[in-house]
Amino acid sequence: MEKKPLLEVKNLKTYFYTEDGIVKAVDGVDFEVYPGETLGIVGESGSGKSVTSLSIMRLLDPNGEIIEGSQIIFEGKNLLELSDDEMRKIRGNDIAMIFQEPMVALNPVFTIGEQIMEAILLHQDVSKTEARKMAIEMLQKVGIPEPEKRIDEYPHELSGGMRQRAMIAMALSCRPKLLIADEPTTALDVTIQAQILELMKELQKEYGMAIILITHDVGVIAENADRVVVMYGGMVMETANVRELFKEMRHPYTWGLLNSLPRLDIEQERLYNIPGIVPDPLHFPPGCRFNTRCEFADEKCRKEIPPLYEVNKEHFSRCFYYQKVEEAQKLKKAGESA
Amino acid sequence: MNTELKRTLRKLFKNPSAILGFSLLTFFIIVAIFAPLISPPINPMFPDENGNPMKLDNPYIMPILSWSSDPVPPSKDHPFGMIAGRDILYGVVWGTRTAFKIGLIVVTASTFFGIIIGSIAGYFGGWVDEVLMRITDVFLSIPFLLAAMVLTTILGSGLDKVMIAMIIFGWMATARLIRANILQVKEEQFVLAAKALGIKNYIIILRHILPNTIFPVLVQATMRLGSLVITAAALSFLGLGAPIGYADWGSMLNYTRNYILGASGQALAYWYTVFYPGIAMVLFVLAWNLVGDALRDVFDPKLK
Amino acid sequence: MSEKKVLLKIENLVKYFPIRAGVFKRIIAWVKAVDDVSFEIYEGETVGLVGESGCGKTTIGMTLLRLYEPTSGRIIVGNEDTTYYFMPYFKAKKYIKKTYIKKFENEDPEKFTGIDKKYYELYKQLGESGFYSKLLSNIKEKRSEFRKTMQIVFQDPYSSLNPRIRIKTIVSEGPVMHKVIKKSEIIDKVKAALEEVGIHGDHMYRFPHQFSGGQRQRIGMARALLMNPKLIVADEAVAALDVSIRSQVINLMLDLQKKHNLTYLFISHDLSVIKYISDRVVVMYLGKIVENAPKKVLFEDPLHPYTKALMSAIPVPNPDYKKKRIILTGDVPSPVNPPSGCRFHPRCPVAKEICSKEEPPLKEIQPGHFVACHFPGSLK
Ligand SMILES: Nc1ncnc2c1ncn2[C@@H]1O[C@H](COP(=O)(O)OP(=O)(O)OP(=O)(O)O)[C@@H](O)[C@H]1O
Ligand SMILES: Nc1ncnc2c1ncn2[C@@H]1O[C@H](COP(=O)(O)OP(=O)(O)O)[C@@H](O)[C@H]1O
Ligand code: SF4
Ligand code: SF4
Ligand SMILES: [Mg+2]
Ligand SMILES: [Mg+2]
């Protein structure tokens, strides 16, 4: 791992100021993305996944603010220090984003061709006819049948899967170095999801871009990510490479999450339950954010926020008792084999 | 619930036009309630056997205080002036009551019919909906003034007849609005759940659908309340409404139209005859509109 | 399984929705949401109904509960035909005539089985008019009985509870109306029902918005439970919930099933959840059943190419789990103009010529294992 990271997020804090109080949607998030890899961010709703990605793109709602001291370093530049104009160039050119609901990102009054061409013309010095040719090529690449015909259709004329493909075509038309995909397949059927994920993998191989894949679906993470960030209550709870995370998780939340999933690959007697409910971001508990639901929680957990402990060079856990988790896991394994 | 209420109130009172609307409305309500104190319903021209001024049988018939029918400019005794021997202040004050009466009765009744017709059409759908909506269309296609004129020639003129006409031709917008809302709420899963529980139709409508559709209708009704007074005035202006001498802003304006142009040589000499009833009417309409606007802001979930 | 009692039997269920257009709202086409579907549900089991969006799962659930009127087909609960229960009088009569009288007059009574046989006896005993009045009498009680037998839990925790009434009313209005509980018992029973689903009994005076998504789904369960039903249709009841909350609700549903001997029709698009919760699985594609088998059999040896593809498409939360992916091409076609023959043929990796011409019937290949495919098991 001598490689230099493409993107470094350091101590990112994004707060929203609402009538009811301050929503600490993201509250101290650190991670890196290396060139060509897929970083998965997984977490339940409200854990701050989307706000993290919108912060990177600097596309927050007006009531949101990235707090002083946060750093988002892309290729050595802190994006938070760029002017709006410079940031606009980065978006689309170097970093592109795709969303869960393509209808939000696609403009309903323009054909998909016009929208892809606009992106190409904005960032590349080509003529209109060339741009159109490139757009058709792009649509072909993302697997849209009859691209010469489809290029002149409006977003509503396409099916959900086709729209998602069109959005990917638009995002990739400028060959970004980093693609942020926020729940790209959540709204799709599984057979279509499989198509889209496969497509993203192929395009990643071809273009060599890095991907941040955001999802609540642990299965999608397991099959598509190289490294994983687990978020809960606006914080990173655990980071590790995908194998290690699924085998040797060192955080009670990760452990609970993985054990509460119904699974196709194994027989399950009874699903594990993480007790309690997902905390309200207006009223996070003091200390460890997970302490209201954690089996291991004690006085210390209720007072202090645990730091990110280094388990090994690639594996970090935000838990005072990350070693205990290992024992508990061993116990459980012993129980299973007995 | 409490925080919700607090938030709603905070929102209401952050909005200056809402404050203006509610203040104006409060003012009119106070005037209406205390009308007998502001302008006692007595006629000093006719003392009773004890020498006290005679009590009026019907306070809405403005007492005649002088036999001269020409306008008399504002004075200490008659701060808004006089016309046709009657005190304009008296008419404006008691006209407030008339305005509330017209507005509230017509709006309540027409909204009530609108809700019933719209709910039945929206909830049951199919041919019931088709028939009721065609009837609504027919009513909408008849020009209101024409219909009101025809109706009053049949029923005879008078304020109550005008109100009946306004009710008969005033329910359609409500019916359409509630129908559209019901079509939306009908598909909500809690309505389906109620059906799956075998809850009776009328309870589903009353408990599950109307409370979730009624607010836009109330906003609409509030907005309409003010403007109904103008409609009534228009009918009075056509001589269909309240008789001359009745404490009603519309019929006062109707009477004063002869003086609108003023006396020869003094264009605005009789300004007070138009100004006071007119301004009362304008402010009344404004009050309800602002209140309606404020309610819409509060109830519209999209603005939350 | 075959000794168990059949609780619900659906025969040739069809539900089409009209598409209207133009000034006169003429019907220009039909959405063939559910097209000739038959299956049975045994007492105490959980049947998982799985398929992609728009394949007709919800429509089946809603039609079973008679929130939609079926276009045709029979819905038999226990030993009674309930299909006509919610029809207006003359329509119900017409239905009885078409379904029974005609059959009794024209067909060989020896061949009647099940409900036909039972109703034929009645018909012989009471005569035609007696038969009509027997079936059509006490329709209100029959409806009430039906509502008590079958309940539903919906997907959307936000729209499934009326935001303007208190939990107490939400949970008790059905049972009170059907006299399952007395007015004087409301508080005790609501409290007990709420506590059974893990909601504090004192919270019955709260409004729905004061609860989280998972808690609302629990309240939805309590509402269904207090009717004391035999069958609960759960339409994507856990789909909108977060993973950690989902497992809580799933476990709760299983516990309640044991305790009350409930039968579930569990509708979901998620095969992993279906695998965990069901005893038997029905797989649908575009308004048709393609496969119906006991869970173990289905997951070990799926025979329909679509079932296989669906299974391979589910992401498994295990980076070491190696499986062969079958990536289907194309989109799900529209149910307005379903493909000819086998509806899956445009996307089927092993389709042959016959597939686009002849519709494969749902055949029982092994006992209890039904497949609708000309070449079952051919996709490896
Ligand atoms: N009221 C309706 N009017 C017209 N078409 C309808 C109606 N309800 C459902 N449909 C159509 O019938 C088909 C089946 O719908 P259904 O809701 O049963 O699907 P589903 O399997 O439950 O899908 P999902 O997984 O998205 O919930 C779809 O094409 C749908 O658009
Ligand atoms: N514009 C906003 N105003 C106030 N709160 C917001 C806003 N956007 C997001 N939030 C809150 O921030 C938290 C994290 O949101 P998000 O990142 O969207 O979660 P997810 O992990 O599901 O993507 C949530 O509690 C959400 O309600
Ligand atoms: S720090 Fe404490 S509460 Fe937090 S996860 Fe670790 S043991 Fe649980
Ligand atoms: S019948 Fe033919 S097209 Fe249909 S699933 Fe079987 S093999 Fe495929
Ligand atoms: Mg999100
Ligand atoms: Mg559905």
Side-chain angles (χ1 to χ4, degrees), chain A residues 42-47 143 145 158-162 185 187-195 197-199 215-225 232 241-247 253 256-268 270-278 280 293, chain C residues 50-55 198 211-215 238 240-252 254-255 268-278 285 295-296 299 306 309-323 325-334 347:
Chain A
V42 67
E44 296 178 281
S45 65
S47 57
L158 304 177
S159 69
M162 286 298 154
T185 56
L188 303 175
D189 275 323
V190 276
T191 58
I192 311 297
Q193 162 170 294
Q195 293 172 359
L197 290 173
E198 194 66 24
L199 171 72
T215 174
H216 68 278
D217 186 331
V218 185
V220 168
I221 288 286
E223 293 189 355
N224 296 281
Y232 183 84
N241 84 44
V242 69
R243 284 227 148 61
E244 199 163 316
L245 188 95
F246 279 82
K247 286 249 174 65
Y253 174 63
L257 193 66
L258 294 178
N259 283 291
S260 52
L261 289 174
R263 295 166 64 155
L264 277 186
D265 56 330
I266 50 171
E267 290 305 317
Q268 290 159 299
R270 192 177 167 83
L271 297 179
Y272 175 76
N273 277 352
I274 301 179
I277 60 174
V278 182
D280 168 4
R293 308 176 71 188
Chain C
V50 69
E52 288 178 285
S53 153
C55 71
F211 296 92
S212 70
Q215 289 173 320
V238 298
L241 303 178
D242 270 319
V243 182
S244 71
I245 307 300
R246 185 186 302 172
S247 69
Q248 293 172 358
V249 175
I250 293 177
N251 283 341
L252 171 71
L254 289 175
D255 294 344
S268 174
H269 66 279
D270 186 342
L271 260 181
S272 337
V273 176
I274 289 276
K275 177 179 175 220
Y276 178 68
I277 205 167
S278 318
Y285 186 78
K295 169 176 76 182
K296 259 217 141 100
F299 281 93
Y306 176 67
L310 196 61
M311 250 176 230
S312 87
I314 307 282
V316 174
N318 177 357
D320 290 331
Y321 182 71
K322 289 277 169 284
K323 62 178 180 187
R325 255 193 191 295
I326 303 159
I327 302 237
L328 292 179
T329 52
D331 280 328
V332 184
S334 134
R347 300 177 79 197

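Throughout, protein chains are lettered first and strands after them, A, B, ... in sequence-line order, and every chain is numbered starting at 1.
Considering only heavy-atom pairs separated by less than 4.5 Å from chain C, the leading option among Gly161(A), Ala225(A), Ser159(A), Gly256(A) is Ser159(A). For the set Gly214(C), Gly330(C), Ala313(C), Pro319(C), the entry with the most heavy-atom pairs within less than 4.5 Å of chain A is Pro319(C). For the set Gln215(C), Met311(C), Arg246(C), Arg347(C), the entry with the most heavy-atom pairs within less than 4.5 Å of chain A is Arg347(C). Heavy-atom pairs under 4.5 Å with chain C were tallied for Gly143(A), Pro145(A), Gly160(A), Ala222(A); the largest tally goes to Ala222(A). Across Ile326(C), Asn318(C), Ile245(C), the residue that shares the most heavy-atom pairs under 4.5 angstrom with chain A is Asn318(C). Between chain A and the options Asp331(C), Val273(C), Leu271(C), Ile250(C), heavy-atom pairs under 4.5 Å are most frequent for Asp331(C). Comparing Thr329(C), Leu328(C), Asp320(C) by heavy-atom pairs within less than 4.5 Å of chain A, the highest count is held by Asp320(C).
Contact annotation for Pro275(A): only backbone heavy atoms (N, CA, C, O) come within less than 4.5 Å of a heavy atom of chain C. The part of Gln193(A) that comes within reach of chain C is its side chain, from C-beta onward, which places non-hydrogen atoms under 4.5 angstrom from that chain. Heavy atoms of Ile221(A) lying under 4.5 Å from chain C are absent altogether. The contact between Ile266(A) and chain C is made entirely by backbone atoms, counting heavy-atom distances below 4.5 Å. Using a 4.5 Å cut-off between heavy atoms, Ile314(C) touches chain A through backbone and side chain atoms alike. For Gln268(A), the parts lying under 4.5 angstrom from a heavy atom of chain C are both the backbone and the side chain. Heavy-atom distances place no part of Tyr253(A) under 4.5 Å from chain C, backbone and side chain included. Asp280(A) does not touch chain C: none of its heavy atoms, backbone or side chain, sits under 4.5 Å away.
Without hydrogens or angle criteria, Ser260(A) side chain to Ser244(C) main chain gives no donor-acceptor distance under 3.5 Å. Counting only distance, with no hydrogens or angles, the side chain of Gln248(C) and the backbone of Gly276(A) share a donor-acceptor pair below 3.5 Å. Judged by distance alone, with hydrogens and angles left aside, the side-chain atoms of Asn251(C) form no donor-acceptor pair with the main-chain N or O of Arg270(A) at under 3.5 Å.
In terms of heavy atoms, Asp189(A) sits closest to Glu52(C) at CB-OE2, 3.0 Å. The two residues Leu271(A) and Tyr276(C) make their nearest non-hydrogen contact at N-OH, 2.9 Å. Across all non-hydrogen atoms, the minimal contact from Pro315(C) to Val220(A) is CB-N, 3.5 Å.
Between Glu267(A) atom CD and Lys275(C) atom NZ the span is 4.5 Å, to the nearest 0.5 Å.
With contacts defined as side-chain heavy-atom distances shorter than 4.5 Å, the pair Pro317(C)/Arg263(A) qualifies. Side-chain contact between Phe299(C) and Leu264(A) is present, with at least one heavy-atom pair separated by less than 4.5 Å.
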